[in-house]
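One structure is given here, and the rest of the page talks about it.
Here is how names work: the chains are called A, B, and so on, in the same order as the sequence lines, proteins then strands, and each is numbered from 1. As the structure is a prediction and not an experimental result, all values here were calculated from the model.
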Amino acid sequence: MNLIYIVEFPTQNQKGKEMAVRVRFAPSPTGFMHVGNARTALFNYLFARHNKGKLILRIEDTDTERHSEEAVNVIYEALKWMGIEWDEGPDIGGNFGPYRQSQRLDIYKEYIDKLKEKGLVYECFCTQEELEAMRQEQLKRGEPPRYTGKCRHLTEEQKKKFLEEGRKPVLRFKVPEDRTIVFNDLIKGRISINSKQLGGDFVIVRSNGMPVYNFVVVIDDALMEITHVIRGEDHISNTPKQILLYEALGFKTPEFAHLPMILGKDRSKLSKRHGSTSVREFKEKGYLPEAFTNFLALLGWYPKDGKEILSMEELIERFDIKDVNSAPAVFDTTKLNWMNQVYIRNYPIEKLTDLIIPYLQKAGYNINNFDRKWLEKVVEITREYFTVLSDAPEYMEVFLKDEFNFEEKALNFMKESENRLKVVEELLKTLESQEEEITEETFKKTVKQVGKTLNVKGKELFMPIRIALTGKMSGVEVPILAETLGKERVIKRLRYTLNKIRG
RNA sequence: GUCCCCAUCGUCUAGCCCGGCCUAGGACACCGGCCUUUCACGCCGGCGACGGGGGUUCGAAUCCCCCUGGGGACGCCA
């Protein structure tokens, strides 16, 4: 018999009352937050907030050997940086805890016993080596690898014998023979698969007694009353197994939404070899969290009104899971760079300065040497030049360092003609004869005056001054630089240049 | 190999469900011009795509089938 089961949309509970939306982000603490996971977290958050629901953070650490405490902190750090807030989680608690799978073992045991009672599971004594050999052989024959159900009907004597050999059994779930499992994915639409394609009876408890992901995820989602499971597309193939488990356990299935993959430039699954893939790397390079989040939101989703620069509030307002694209997206940071520039230009100057200071310190500057307000002014002038915060010191350098190095091009330019040094000399002389402090306006006038006196204009007049003040042939507007530096430092730099070049 | 998913400019995408308003729209990138006695910013303009083949229809990017291509999953990982 070929039964078809269709999962219903569970926005109402048995009493017909509206069910509050509850979604979860359930990462495994691997030590870094992959951008794909970050996007999954974001979409869950946007969905929850848009629907006035709750976001639950759950740590999936059943594979204990691979997990560490520090790795859990990495998750908190990444989410907080992105501005994603959760309503329940290991750190803040909630009514459905504990929120770490490693602390829910007793709960799982209860449900394992239930399945045992119902006769839906059995012990399997095959070793991993035996299974691997079987898989290889199947592959060689061109067959899909699957567990054959070898231990499904072991007699008590056989089991006893295996136990005496010291073998520790795993627990396998009996997959129905020929069932078509159908579910309606919120993003992909109707997905159907036959139970024959599931790879045979799958393991739900390891030989060390630790239950496995596919099993615990069902229990947790059911017990935590998750209404919508929003996760990566790579979980599609797990979904039928989980639906079988929901059924076996007597739980109601949630709604599923599988997000398209994020691909690298070569269109394969995004991985470390494609460059930066962890949230931390983007933070460290100096991407603003708002820009990063905005960019991720547009990977696979697009607002109806086409507005692309969106704050978290605006994202929440517009986000609809139905508008999520079903095709995978290539992770290309070109647009992120542009977005970061946009955000940098519009950021509150105090906050931006706070964020830039660590990069300045890393570049060797002693921040205490600079007046805070003055520093903010410098940030204000230079912000439009950099795309990531780590670029900031490079552009701010002309304000911060009086003893600079000359670009080769600039040095050659100055040496080509004695007249160019004369411009610098004349400017120095004129400035020294003036009483008042430099402003943008007075500096412009002074330069004009120098030009008149020496009878030079254009590039021959402006370029020597720029070089004398910065050592470079391009950069911020010179009068603004001069005003910001102040007369004393301008004079100091002119002398410095004269000394350096004339020796 | 088997199953599942996917397919619009270089990239992110709108349009597709409910065929005509699409000589396919936007953004980023790229190229050109203007602005700026520099660079960048800004402004203006340009380049640039419905993977292929069959249907259905008066009409298809949109509906159906096949092919091709890409991706994912097939674990005592999650």
Starting from P on B/G75, measure out to CG on A/D201 and report it in whole angstrom.
13 Å
To the nearest Å, how far apart are A/N194 CG and B/A73 C1'?
16 Å
For the residue pair A/Y213 and A/H235, is the inter-centroid distance of their aromatic rings smaller than 6.0 Å?
yes
Taking the six-membered ring for Trp, are A/F251 and A/Y111 ring centroids under 6.0 Å apart?
yes
Among B/U11, B/C76, B/A78, the nucleotide that comes nearest once only the side chain of A/E60 is considered:
B/A78
When you check the gap from the basic side-chain N to the acidic O, do A/R135 and A/E132 get nearer than 4.0 Å?
yes
State which residues pass salt bridge (Lys or Arg N to Asp or Glu O under 4.0 Å) with A/R280; sequence neighbours excluded, sorted by chain then number.
A/E77
Output every pair passing side-chain hydrogen bond (donor to acceptor under 3.5 Å, both in side chains) with a member in residues 461-475 of chain A, not counting sequence neighbours, ordered by first then second residue.
none
For B/C12 versus B/G55, give the span between their C1' atoms, rounded off to a whole number of Å.
33 Å
Per-nucleotide protein contact string for nucleotides 38-47 of chain B, where B marks a base within reach and S marks sugar-phosphate only (heavy atoms under 4.0 Å, - for neither):
BBBSS-----
Nucleotide by nucleotide, 5' to 3', does protein get under 4.0 Å of the base (B), only the sugar-phosphate (S), or neither (-) in nucleotides 13-19 of chain B, counting heavy atoms?
SSS----
By side chain to side chain contact (heavy atoms under 4.5 Å, CB included), A/D266 pairs with (sequence neighbours left out) A/S268, A/R273, A/H274
If you look only at distance, which donor and acceptor atoms sit under 3.5 Å apart when one is on a side chain in residues 321-330 of chain A and the other is two or more places apart or in another chain?
from   : atom 1 : to     : atom 2 : distance (Å)
A/D323 : OD1    : A/K304 : NZ     : 3.0

